[in-house]
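Letters go in sequence order (proteins before strands), and every chain restarts at 1.
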2 protein chains.
Amino acid sequence: MRNTRKFSAPEPSMRRLPAYLHVLMRLLKENCLFVSCTFIAQEMHLDPTQVRKDLALTGIVGKPRVGYSVVELIEKIKAFLGWDIQWNAFLVGVGNLGTAILGYRQFRTFGLNIVAAFDKDPRRIGKKVFGVNVFSVEKVSLFAREQKIDIGIITVGEEAAQEVADLLVEGLIKGIWNFAPKALVVPPDVIVENAQLSVSLGVLTSKMKLSEKEGNIFR
Amino acid sequence: MRNTRKFSAPEPSMRRLPAYLHVLMRLLKENCLFVSCTFIAQEMHLDPTQVRKDLALTGIVGKPRVGYSVVELIEKIKAFLGWDIQWNAFLVGVGNLGTAILGYRQFRTFGLNIVAAFDKDPRRIGKKVFGVNVFSVEKVSLFAREQKIDIGIITVGEEAAQEVADLLVEGLIKGIWNFAPKALVVPPDVIVENAQLSVSLGVLTSKMKLSEKEGNIFR
DNA sequence: TAGATTGTTAATCGATTAACAATC
DNA sequence: TAGATTGTTAATCGATTAACAATC
């Protein structure tokens, strides 16, 4: 069963690209002009063929015996990830996590431009958080339409998440970055990316518990 | 090529379990005693067989024609994810993200007990953040050993991440929750879970860019 | 040239989905 | 009983890994 339209790029590959970018940025700093798959694979403890296939997704062409141009590869990966253009975003829910995201300057370098923030708490409305104005959540749809916002970032609680998603959809946004632990229902042309920290924590604690059990066999 | 010891549970399944838990908690509130895979699958837009296989991982046994006991299923999933026991944790790097994590009370319900925080900035050391004391990062290894800490949470910048990981390993921690965009090198018995927000953002913007291109064909 | 590395095709592996018998 | 649902085995699909020819 499929929740949305299927796009062509394999997600596991997509998720590895940002890490390649980090290695490449370091190489760029060290004035390294060319890099081979083998090198990147070693750095990241991956299979070289896998790296080559991942990079091929971006349309890069390498030179046998030489490798890929570091500068070109950085450009291609950024373009593939959509980090070469600006995305205008609204953030809804100025709690701890919302505030942290507003304060995380790094996102600017990925083209994420958080234009405004929204909250339902009157104590937060009218304030500025890391230079971003906080408005009443009621206004989110109207403002989003007026300002042609691309991305809605949901950092509200589970209860309000669907409601906020509906407002964002009404505001004609094209993508939702959802931090609330809730499976959102949206039209098929709206892209949802879930980023629940608890999922990641669950993977960690689950593996730790398993390893304790397995480990005990040998001790 | 493998970076660490392989554990038996399939990661995709593991990543779906927290979402099942959310549906189940809601059902519990509604005093619903039994639930079928079909129902959960519909709620989450997944294949029922997939849900059944995922749930089977936890060791739950259902009743044909009835389904699974909601209460029992919640317990089993929590136990499988390691959310039935307490994990003592240290957090290193009290920036925006670190602060947000310290303030996110929800994690307590997953058994995550953040005992202390660490930073290298003298202005932060000695302060309390959401009730958690901030110490100098130098002390992390010693304190971790003394207090038998299980998990180290890394919320420092890319540059310092490996250094902090080394200190945590010296402190005999068993798992690292790494928010820094850096592939950490640790001994094979230490479990690392990477939680880079930029990866998730990349998936979103990449899909949005692809969908724009594809979409334009039809417009 | 020789040899390292790319690009691509084939083989393997693992996860998802389909089919169906067992059960209450 | 009839039928919905579980549990499990088989088929399909997709991603990873291996093999190798092409290239500079």
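The 5' end of DNA chain C is approached more closely, in terms of each residue's nearest nucleotide, by A:R65 than by the other of A:R65 and A:A56. When each of A:P64 and B:G67 is assigned the nucleotide of DNA chain D bearing its nearest heavy atom, the one mapping closer to the 5' terminus is B:G67.
Nucleotide D:dA15 holds its C1' atom 14 Å from the CD atom of B:E11, rounded to whole Å. Computed from coordinates, the A:L73 CG to C:dT6 C1' distance equals 13 Å when rounded to whole Å. In this entry the distance linking CG of B:L46 with C1' of C:dA15 reads 13 Å, nearest Å. Rounded to an integer number of Å, the gap from CG of B:L55 to C1' of D:dT5 is 13 Å. The CD-C1' distance, from B:Q50 to C:dT17, rounds to 9 Å in whole Å. The distance between atom CG of A:D47 and atom P of C:dA11, rounded to the nearest whole Å, is 18 Å. Look at CD on A:E72: it is 14 Å from C1' on C:dT6, rounded to the nearest Å. Here the P atom of nucleotide D:dG14 and the CZ atom of A:R15 are 19 Å apart, to the nearest Å.
Here D:dA15 is the nucleotide among D:dA15, C:dA15, C:dT6 with the atom lying nearest to any side-chain atom of A:P12. Taking the side chain of B:T49 as heavy atoms from C-beta on, and the options D:dA18, C:dT16, C:dT17, the nearest nucleotide is C:dT17.
Counting heavy atoms from C-beta on, the side chains of B:I173 and B:I151 never come closer than 4.5 Å. Residues B:E75 and B:D84 form no side-chain contact, since every pair of their non-hydrogen atoms from C-beta on lies 4.5 Å or further apart. Side-chain atoms of A:R108 and A:N113, non-hydrogen and from C-beta on, do get closer than 4.5 Å to each other. Taking 4.5 Å as the limit, some side-chain heavy atom of B:L57 sits within range of a side-chain heavy atom of B:P10.
Among the candidates B:I149, B:D150, B:I191, the single residue satisfying the side chain to side chain contact (heavy atoms under 4.5 Å, CB included) test with B:K174 is B:D150.
Pairing analysis of DNA chain C (Watson-Crick: purine N1 to pyrimidine N3 plus N6-O4 or O6-N4; G-U wobble: N1-O2 and O6-N3; both under 3.5 Å) yields stems of 3 or more pairs at C:3-24 with D:3-24.
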Residues 94-107 of chain A, side-chain donor-acceptor partners within the protein, below 3.5 Å, at least two apart:
unit_1 : atom_1 : unit_2 : atom_2 : d
A:N96  : ND2    : B:G103 : O      : 3.2
A:T99  : OG1    : A:G95  : O      : 2.5

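The side chain of A:R52 places no N or O atom within less than 4.0 Å of a non-bridging phosphate oxygen (OP1 or OP2) of C:dA4.
Side chain B:K53 to base C:dT17: a donor-acceptor pair is found below 3.5 Å.
Between A:R26 and B:E158, none of the side-chain N atoms (NZ, or NE/NH1/NH2) sits under 4.0 Å from a carboxylate O, so this pair counts as no salt bridge.
Nucleic acid contact class of A:S36 (heavy atoms, under 4.0 Å, all strands): sugar-phosphate only.
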